[in-house]
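Chain identifiers are assigned alphabetically (A, B, ...) following the order of the sequence lines, protein sequences preceding nucleic acid strands; residue numbering begins at 1 within each chain. If you're wondering where the values come from, they're calculated on a predicted model, not measured in any experiment.
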Amino acid sequence: MDSESVKKAVIKQVLIESNTANARQLIEKINENCFEKCIPKPGSSVSAGEKACITNCMEKYMAAWNLVNTAYVRRIQQEVNNNSFET
Amino acid sequence: MDASIEQSDLDRLSEKDKGELRQFMTNEQQRTRIQSQTHALTDICWKKCVPGAVKNNALDSSEQSCLANCVDRFLDVNFTTMKHLANMRNQ
């Protein structure tokens with residue numbers, strides 16, 4: 001491997017790892033929050049209604065994540081422009 | 001290409017590519033930090049802004065504005081805390 005392909009391999013590996021870690025964190029949060037919402041009283045199996053709730057909850061949670069991420073990035077940029085981090 | 005990267009491969013990096021990789025890692029670290037913080041904020045704000053049963057797969061408009069406000073107010077609290085701490089230290 002020459003320098004260029006080593007660099008590309010490192011970048012690829014780092015991206016795979018950080019994206020996997022991010023996905024794992026998201027799945028963990030979805031499980032936690034949607035279990036809380038959709039399975040208030042665990043029965044002997046997951047009912048059809050509970051299953052529907054879980055898929056809805058999952059999509060809704062992802063929408064919330066995206067919205068929060070956008071709002072957070074916007075705010076950080078605003079604070080950077082105002083030099084809020086320099087004291 | 002799933003061959004693992006060995007030290008001997010890394011030794012082949014040119015100074016220019018090393019520099020580019022350092023920059024890439026700095027950016028990645030920042031991206032990871034923002035994503036982690038987003039996970040924590042979404043968790044906090046979901047609990048505050050999406051009460052009750054989940055009826056469909058979309059956020060309604062009041063939930064959307066609550067989430068955006070939640071992020072801003074949380075950060076306000078953060079900044080207020082930091083400023084107050086700085087004041088306390090200077091007293």
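Contact of B:Glu63 with chain A is made through the side chain alone, with heavy-atom distances under 4.5 Å. Within the 4.5 angstrom heavy-atom criterion, no atom of B:Phe74 approaches chain A. For B:Ala58, the part sitting under 4.5 Å from any heavy atom of chain A is the backbone (N, CA, C, O) and nothing else. Using a 4.5 Å cut-off between heavy atoms, A:Glu36 does not touch chain B at all.
Heavy-atom contacts from other residues, nucleotides or ligands closer than 6.0 Å to NZ of B:Lys48 number 12 or fewer. Counting heavy atoms of neighbouring residues, nucleotides and ligands inside a 6.0 Å radius, atom NZ of B:Lys18 exceeds 12 of them.
Going from atom NZ of B:Lys16 over to atom NZ of A:Lys7 covers 5.0 Å, rounded to the nearest 0.5 Å. The structure places CG of A:Asn22 at 7.5 Å from OG of B:Ser36, a figure rounded to the nearest 0.5 Å. Taken from SG in A:Cys57 to NZ in B:Lys55, the straight-line distance is 12.5 Å, to the nearest 0.5 Å.
A donor-acceptor distance shorter than 3.5 angstrom exists from the side chain of A:Ser3 to the backbone of B:Ser14, with no hydrogens or angles considered. With A:Arg75 contributing its side chain and B:Asp72 its backbone, the two residues share a donor-acceptor pair below 3.5 Å. A:Lys29 places no side-chain N or O within 3.5 Å of a backbone atom of B:His39 that could act as its donor or acceptor partner.
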* Checking side-chain contact (heavy atoms from CB on, under 4.5 Å) for the pair A:Asn33/B:Val50: CA distance, chi angles, key distance, verdict? -> CA-CA 10 Å; A:Asn33 283 298; B:Val50 189; over 6 Å; no
Practice problem: Could you check B:Leu59 against A:Glu59 for side-chain contact (heavy atoms from CB on, under 4.5 Å), going step by step and ending with a plain yes or no? | Solution: CA-CA 9 Å; B:Leu59 296 162; A:Glu59 291 178 22; over 6 Å; no
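With hydrogens and angles left out, the side-chain atoms of B:Asn56 and A:Lys60 include no donor and acceptor closer than 3.5 Å.
Evaluated for a side chain to side chain contact (heavy atoms under 4.5 Å, CB included) with A:Val6, the options B:Leu13, B:Leu21, B:Asp17 yield exactly one hit, B:Leu13.
Between chain A and the residues B:Ser8, B:Gly52, B:Ala53, the most heavy-atom pairs under 4.5 angstrom are made by B:Gly52.
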